[in-house]
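Read the structure below first, then the notes.
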Amino acid sequence: MQKATVIVGTQWGDEGKGKITDVLAEKSDIVVRYQGGSNAGHTIVIGDKKFAFHLLPSGILRPGKVVVIGNGVVVDPAALFQEIEKLEAMGIQTADLKISERAHIVMPYHKQIDALEEELKGKFGAGTTRRGIGPCYADKAARFGLRVCDLLEEREFREKLEIVYGVKKRFLGAYGKEIVDFQSMLNEYLEYGKKLKPYVCDTAYYLNEAIDAGKKVLLEGAQGTHLDIDHGIYPHGTSSSTFAGGASTGTGIPPAKIGSVIGVVKAYTSRVGEGPFPTELHDRTGEIIREKGQEYGTTTGRPRRVGWLDLVMVNYSVMINGIDTIALTKVDTLAGLEKLKVCVAYRINGQETTRFPASMNELARAVPVYEEFEGWEKPEDRNLKKYIEFIETQTKVKVGFVSYGQRRDAILSR
Ligand code: GDP
Ligand code: IMO
Ligand code: MG
């Protein structure tokens, strides 16, 4: 048996998980998404072609492999088929896709409620992607959800949807919002059910049997540890278990069958959406990094907030994920800067700490304590080596991969 490997974002998402997953997929058999939904945007660049995946796992561009959408993912069928059909239209050879029958389905009213609740929340809003993620996971927890397996049974699906629809209609109506038409939604989703059918299976059996038979499984996290529903910045994060623990609940692969956890660390920090961000740069350096790193949301196109690397954040991720290898990305984006800073501690209420606070208010008061570094020009420069070694000393984790460009081949193994 080969134990599975998890790839997890250590910051606020967009660390380059898609690229790292695509690279490591070459030597894997199966790539699995375990949580999140079409809020994710994972970019893969091959030659002059750029692909952005929201629901499809980043192993999809590896023909001969299998990709799996696990039970922990919330599936928006419209978004999924858009991705599949786009690849088909391009004539791209893909991996085989399997979808869990236990995965929950994002419905149109989830998106309506996502937008409404963001309005109602005021300053507690997360600046969501409006993809219906929170309301879909809320329905899952409240046992109001509809699953992929429900979609395959027409009569039962209609019955369940009628009940849920009545509740959602009242809720939206109370705020003067009109819910989507029942019959057209039902027809649309029953069509999706037919289209989904060939992909659907019990992925927990499939994955466990594959691991037992010696297959190499890669579990691709979406979002990042600091967006996790339990461990992230609450309430400005997302609604799923983004950290490595979610790889087990989101697939049915037991923790004992997970061997290695690779943490993807962007060489600086970025954030889309609301919430405190201690190392955020509001100056010209921030603009340079945003432009050079093309820090604009893959899913929403929003400009990403950027700042210096924050090792207080990363160390919390190392601890709760059990990260044994770091994949450091976008070192090329920082190239050309004269001086760089890395945050090693926070000063909160006059006290220095290396612990990441649970309270959003404390985080908002955190003043970063920085170490300064000389800049570099090329990946092989001595100053970059110092930067990497400093990260290794501070995190006590080996930097196993250094990514220095968008393309598949712009990566060094150490
Ligand atoms: P993900 O959500 O973690 O998969 O990351 P995104 O795809 O949303 O954002 C990362 C962006 O950085 C994408 O446009 C990637 O193509 C790009 N990227 C990944 N690694 C590198 C790198 O080492 N250098 C540069 N310049 N871009 C990279
Ligand atoms: P990938 O997988 C960066 C952020 C949103 C918002 C909060 C909640 O590409 O790294 P949601 O729509 O999930 O309810 O939004 O989480 N967010 C992301 N930020 N990368 C992502 O995914 C994200 N997915 C959600 O901006 O602040
Ligand atoms: Mg992204």
Side-chain angles (χ1 to χ4, degrees), residues 7-23 33-46 49-55 57-58 73-74 76 106 110-111 113-115 117-118 121 124-138 220-229 232-240 242 263-275 277 289-305 327-335 379 401-412:
I7 295 179
V8 71
T10 58
Q11 294 150 315
W12 279 308
D14 306 324
E15 298 91 348
K17 300 174 293 293
K19 171 179 169 164
I20 300 299
T21 304
D22 168 62
V23 169
R33 269 281 302 271
Y34 59 83
Q35 44 67 234
S38 63
N39 50 347
H42 296 184
T43 316
I44 299 173
V45 177
I46 302 171
K49 282 206 175 71
K50 189 169 176 169
F51 303 86
F53 298 114
H54 304 285
L55 275 163
S58 299
V73 175
V74 289
D76 177 348
V106 178
H110 288 139
K111 293 181 203 171
I113 294 171
D114 193 351
E117 287 184 340
E118 277 286 287
K121 280 178 184 168
F124 293 110
T128 73
T129 59
R130 306 287 203 274
R131 296 298 187 274
I133 305 301
C136 186
Y137 278 115
E220 175 189 14
Q223 288 80 50
T225 301
H226 289 273
L227 291 171
D228 185 278
I229 184 70
I233 178 173
Y234 193 88
H236 294 312
T238 190
S239 301
S240 66
T242 64
V264 187
V265 179
K266 195 184 282 198
Y268 48 95
T269 311
S270 74
R271 171 83 173 100
V272 226
E274 306 304 320
F277 180 168
I289 296 173
R290 182 176 308 107
E291 290 315 310
K292 196 155 174 220
Q294 277 303 296
E295 293 294 352
Y296 293 90
T298 312
T299 299
T300 56
R302 288 179 288 178
R304 294 176 183 150
R305 300 156 66 193
L328 186 68
T329 61
K330 303 195 87 159
V331 298
D332 56 306
T333 301
L334 296 181
F401 305 94
V402 180
S403 168
Y404 57 88
Q406 281 196 300
R407 286 175 32 196
R408 245 183 199 172
D409 51 9
I411 192 161
L412 298 166

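Counting starts at 1 for both ligands and their atoms, in listed order. Values in this document were obtained by computation on a predicted structure and should not be read as measured data. The figures that follow rest on heavy atoms only: side chains count, while hydrogens, waters and symmetry mates do not.
Side chain to side chain, Thr329 and Lys19 fail the donor-acceptor criterion of an N or O pair below 3.5 Å. No side-chain donor-acceptor contact under 3.5 Å links Arg130 and Thr299. Remark: the Asp14 side chain and the Ser270 side chain contain no N/O donor-acceptor pair separated by less than 3.5 Å.
Those atoms of ligand 2 that come under 4.0 Å of a heavy atom in Trp12, given as number and element, are 3 (C), 19 (N). The Ala222 neighbourhood of ligand 2 comprises atoms 2 (O), with distances under 4.0 Å to a heavy atom of that residue. Per-residue contacts place Tyr404 under 4.0 angstrom from the following atoms of ligand 1 (heavy atoms of the residue considered): 23 (O), 24 (N). Applying the 4.0 Å criterion to heavy atoms of Thr128 picks out, from ligand 2, the atoms 6 (C), 11 (P), 12 (O), 14 (O), 15 (O). Below 4.0 Å from some heavy atom of Asp14 lie the following atoms of ligand 2, by number and element: 1 (P), 3 (C), 9 (O), 10 (O), 20 (N). Of all atoms in ligand 2, listed by their number and element, those nearer than 4.0 Å to a heavy atom of Leu227 are 16 (O), 17 (N), 18 (C), 19 (N). With ligand atoms numbered from 1 in the order given, ligand 2 contributes 1 (P), 2 (O), 10 (O) to contacts under 4.0 Å with heavy atoms of Lys17. Atoms of ligand 2 found under 4.0 Å from any heavy atom of Arg271, numbered from 1 in the order shown, are 27 (O).
Contact analysis puts Arg304 in contact with ligand 1, with a non-hydrogen atom separation below 4.0 angstrom. Residue contacts with ligand 2 include Gly127, since one of its heavy atoms falls under 4.0 Å from the ligand. Residue contacts with ligand 1: Lys19 is included, with a non-hydrogen atom under 4.0 Å away. Under a 4.0 angstrom heavy-atom cut-off, Gly224 registers as lying outside contact with ligand 2. In this structure, Gly41 counts as a contact residue of ligand 1, since one of its heavy atoms falls inside 4.0 Å of the ligand. Under a 4.0 angstrom heavy-atom cut-off, His236 registers as being in contact with ligand 2.
Atom OD1 is the N/O/S atom of Asp14 found closest to the Mg ion (ligand 3).
Not one N or O of Gly134 is nearer than 3.5 Å to an N or O of ligand 2, by distance alone.
Protein heavy atom in closest approach to atom 23 (C) of ligand 2: Gln223 CG, 3.6 Å.
At a threshold of 2.8 Å, the Mg ion (ligand 3) has no backbone or side-chain N, O or S atom of Lys17 nearer than that distance.
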